[in-house]
Amino acid sequence: MRIIELNDATKQSILDDLLKRSPNNYSQYEATVNEIIDRIRTERDQAVFDYTLKFDKFQLTSENIRVTRAEIEEAYTQMDAQLIAVIREAAENIRTFHMKQLRNSWFDAQPDGTIVGMKMTPIAKAGVYVPGGKAAYPSSVLMNVIPAKVAGVGEIIMTTPPGADGKVNPGTLVAADIAGVDTIYKVGGAQAIAALAFGTESIPKVDKITGPGNIFVALAKKAVYGYVSIDSIAGPSEILVLADETANPRYVAADLLSQAEHDELASAILITTSKELAEKVSEEVDGFIKVLSRPEIMQKSLDNYGYILLAESMQDAIDAANEIASEHLEILTRNPFDTMTRIRNAGAIFMGEYSSEPLGDYFAGPNHILPTNGTAKFFSPVNVDDFIKKTSIISYSREALEKVHTKIETFAESEGLTAHANSIKVRFE
């Protein structure tokens, strides 16, 4: 891996480089996505069937679009029993973590008859998109569905593309069943997002769409936002490791490659104060690439968006990490908890040499659907609140309103809104 001195110029160059990976920079595909969305809105099921035949090579109909219970049971027989047990245990960890995020409605009542509060209501229908083929990840099924279940969403609908034989990845089906999905449809791509957003004869309209996908799925989610809510417009995966001279270079190299293997646009960055560590990590990376699968993808990822940055001080390293605002941030320093307190921007933070990033991907419980492309500066991981609507509650007695009515009238009149003022004034004429 290339080793670069960290300074203002190199930091800005890297930030500019990373932002090139954002789905917002792929406008050349927007016309195709918009055409798909328009056809789904007007032709509904027929357009879904046509696009499935075109892209997935399967003849979809209203009779076979929905995954049956028999297909789910068959998926269990195709999965290793030990893996199913691991998925169940991971699901329980995820459920336990997200249960702690639940909040109750609250009301603040005063003796004069003033009541204000917040009413928490789960959304009625959530749609979950799950990629198919080689990019099928049962772990993402759990991470999307379980927070919605914990929130109390009334109905959870999943879409995922079929193979040419009409089958859905068995891992996807088993994870969906364990997580509690209500209905699964064999539809993928931008057409699935459009169907969830606007509804067809077979697929009901939902209130929110979550889940990862390719650039066409990401752009489709962007296009339908406003008609429905979405989780985010996800970019490629990324990891940043903050390390000092106490870090194990073999662990650091392994962790960087855990994200570089995702795709050629993935980003893997080490920021360290130790030149010796930097050089050893680079050597370890070269060694791992020779023995791990997907070496071409990892090498291209590192060539394009991989960096080892040498910082003069740990505070400089932390400042750079806060600017980059990585999806995954590992802290491998002498005192990781102290370092963590100075981190403002990161999707998820992993502390200590036995808390490598895949722990969060699969098993620990916190959600692995995280903000990317620097959006950790203002976005959070998917959580229970993403599936909850908050409604303000206001109730005043005559006594309570009488004390303040002239203040409200004054405020309204200052804005030139006399009807607002009159709405209060008439109650005391």
Side-chain angles (χ1 to χ4, degrees), residues 4-24 97-98 100-101 103 143 147 231-247 252 255-256 258-259 266-274 277-278 305-353 355-361 364-386:
I4 302 172
E5 286 191 14
L6 176 63
N7 54 46
D8 289 342
T10 56
K11 181 170 66 176
Q12 189 57 53
S13 176
I14 290 168
L15 288 169
D16 292 343
D17 206 28
L18 295 178
L19 288 174
K20 293 176 184 176
R21 306 172 310 135
S22 169
N24 292 322
F97 178 85
H98 287 82
K100 297 182 186 299
Q101 299 173 358
R103 293 189 288 171
M143 296 291 181
D231 50 352
S232 65
I233 305 169
S237 188
E238 52 200 32
I239 185 171
L240 190 152
V241 179
L242 268 180
D244 60 18
E245 71 282 356
T246 65
V252 174
D255 295 352
L256 291 171
S258 73
Q259 296 307 293
S267 169
I269 298 173
L270 164 65
I271 307 180
T272 181
T273 52
S274 170
L277 177 73
Y305 302 105
Y307 303 92
I308 297 176
L309 302 177
L310 271 176
E312 287 190 9
S313 69
M314 184 50 64
Q315 189 57 53
D316 287 343
I318 291 169
D319 290 343
N322 280 324
E323 281 297 309
I324 293 170
S326 186
E327 176 187 19
H328 306 101
L329 174 66
E330 286 191 7
I331 300 177
L332 298 172
T333 59
R334 183 175 282 102
N335 188 343
F337 281 87
D338 174 70
T339 306
M340 179 271 291
T341 62
R342 292 182 276 167
I343 296 296
R344 297 189 308 275
N345 305 321
I349 300 174
F350 302 78
M351 296 187 293
E353 64 181 9
S355 305
S356 62
E357 189 277 337
L359 176 65
D361 273 351
N367 210 288
H368 79 196
I369 304 169
L370 305 167
T372 57
N373 280 109
T375 60
K377 291 179 179 178
F378 45 83
F379 280 147
S380 305
V382 165
N383 60 84
V384 169
D385 277 354
D386 285 312

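Everything numeric here is computed off the predicted structure, so don't read it as measured data. Residue numbers start at 1 and run along the sequence shown.
Between the side chains of Q12 and D8, no donor-acceptor pair of N or O atoms lies under 3.5 Å. A side-chain donor-acceptor contact under 3.5 Å links N7 and T10.
Looking only at side-chain heavy atoms (C-beta outward), S237 and H328 come within less than 4.5 Å of each other. A 4.5 Å side-chain heavy-atom check between M143 and L370 finds every atom pair outside the cut-off. Contact check for L15 versus I324: side-chain heavy atoms found under the 4.5 Å cut-off. With a 4.5 Å cut-off on side-chain heavy atoms, L310 and T272 count as touching. When side chains are defined from C-beta on, N367 counts as touching P147, because their heavy atoms get closer than 4.5 Å. Residues R344 and K377 form no side-chain contact, since every pair of their non-hydrogen atoms from C-beta on lies 4.5 Å or further apart.
In this structure, T273 and M314 approach most closely via the heavy-atom pair CG2-N, 3.5 Å. Shortest non-hydrogen contact noted between A266 and P236 is N-CB, 4.2 Å. When all heavy atoms are compared, the tightest approach of Y305 to S267 is O-OG, 3.3 Å. In plain terms, the two heavy atoms of D255 and I239 that are nearest each other are O-CD1, 3.4 Å. Residues P336 and G352 share a closest heavy-atom pair of CB-N, 4.1 Å. Contact between A325 and A376 at its shortest, heavy atoms only, is O-CB, 3.7 Å.
In this structure, CD1 in I4 is found 9.5 Å from CD1 in I308, a value given to the nearest 0.5 Å.
Under a cut-off of 6.0 angstrom, the local environment of CD in Q315 is crowded, with over 12 non-hydrogen atoms contributed by other residues, nucleotides or ligands. Counting heavy atoms of neighbouring residues, nucleotides and ligands inside a 6.0 Å radius, atom CD of E245 exceeds 12 of them. The environment of F337 atom CZ is sparse: at most 12 non-hydrogen atoms of other residues, nucleotides or ligands sit within 6.0 angstrom.
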Apply salt bridge (charged side-chain N to carboxylate O under 4.0 Å, His left out) to D17 and R21, showing your working.
CA-CA 8 Å; D17 206 28; R21 306 172 310 135; over 6 Å; no
